[in-house]
Amino acid sequence: QVQLVESGGGLVQPGGSLRLFCAASGITFDYYAIGWFRQAPGKEREGISCISSSSSNTKYADSVKGRFTISRDNAKNTVYLQMDSLKPEDTAVYYCATPRLSYCPRYTKPIDTHWDVWGQGTQVTVSS
């Protein structure tokens with residue numbers, strides 16, 4: 001059974017940093033791209049970053065470019081999202097997902113239907 005589990009969320013002050021983790025099981029992890037998405041209350045789910053299976057290709061939404069960094073350790077079946085210079089508008093539930101493809105299909109709206117395996121999410125709150 002394919003499973004993705006996010007962790008690392010929490011409460012942080014504006015300007016602070018958090019590192020999110022996405023741990024995978026039940027899949028041949030190094031075959032697949034992984035993406036990060038977020039959903040704030042009352043808003044649609046937003047794709048923010050994606051990394052290909054070999055880490056050769058990384059993508060970022062304009063809203064997080066220059067502040068967030070995605071990486072992966074295939075030996076640990078884990079993808080990371082380093083979030084720096086956090087802003088109150090980054091407050092959301094953060095999800096990781098896989099399209100079960102080696103590359104990143106469209107992760108911005110409209111989100112490609114290949115993104116079909118999702119974690120349960122981790123809450124990130126940026127507030128003073």
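We count residues from 1, following the sequence as given. Owing to the predicted nature of the structure, the values given are computational and were not obtained by experimental measurement.
When only modelled atom types and interatomic distance are considered, Ser56 and Ser54 share a side-chain donor-acceptor pair under 3.5 Å. Checking Asp84 against Ser17 by side-chain atom types alone, a donor-acceptor pair falls below 3.5 Å.
No side-chain heavy atom of Ser71 sits less than 4.5 Å from a side-chain heavy atom of Ser55. A 4.5 Å side-chain heavy-atom check between Asp112 and Tyr107 finds every atom pair outside the cut-off. Counting only heavy atoms from C-beta outward, the side chains of Gln13 and Leu86 never approach each other to under 4.5 Å. Residues Glu46 and Ser63 have side chains in contact (heavy-atom distance under 4.5 Å, counting atoms from C-beta outward). At least one side-chain heavy atom of Cys96 sits less than 4.5 Å from a side-chain heavy atom of Leu4.
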Checklist entry - Between Val124 and Leu18, is a side-chain contact (heavy atoms from CB on, under 4.5 Å) present by the stated rule, with each step listed? => result CA-CA 9 Å; Val124 172; Leu18 278 176; 3.9 Å; yes
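Under the rule for a ring-ring contact (aromatic ring centres under 6.0 Å, His included), the partners of Tyr80 that lie at least two apart in sequence or sit in another chain are Phe21.
Figure legend: Arg38 and Tyr95 shown without cation-pi pairing, the cationic atom not lying both under 6.0 angstrom from the six-membered ring centre and within 45 degrees of its axis.
A distance below 6.0 Å separates the ring centres of Trp118 and Phe37.
Of all heavy-atom pairs between Ser49 and Lys59, the closest is OG-O, 2.9 Å. Nearest approach of Trp115 to Ala97, heavy atoms of both residues: CZ3-O, 3.3 Å. Minimum heavy-atom separation, Gly121 to Val93: CA-CG1, 3.8 Å. Scanning both residues, His114 and Pro105, for their nearest heavy atoms gives CB-CG, 4.3 Å. In terms of heavy atoms, Asp116 sits closest to Arg100 at OD2-NH2, 2.7 Å.
Thr122 places no side-chain N or O within 3.5 Å of a backbone atom of Ser7 that could act as its donor or acceptor partner. The backbone N or O of Asn74 sits nowhere less than 3.5 Å from a side-chain atom of Arg72 that would complete a donor-acceptor pair.
Classification of Asp90 and Arg67 as a salt-bridged pair holds, one side-chain N sitting under 4.0 Å from a carboxylate O.
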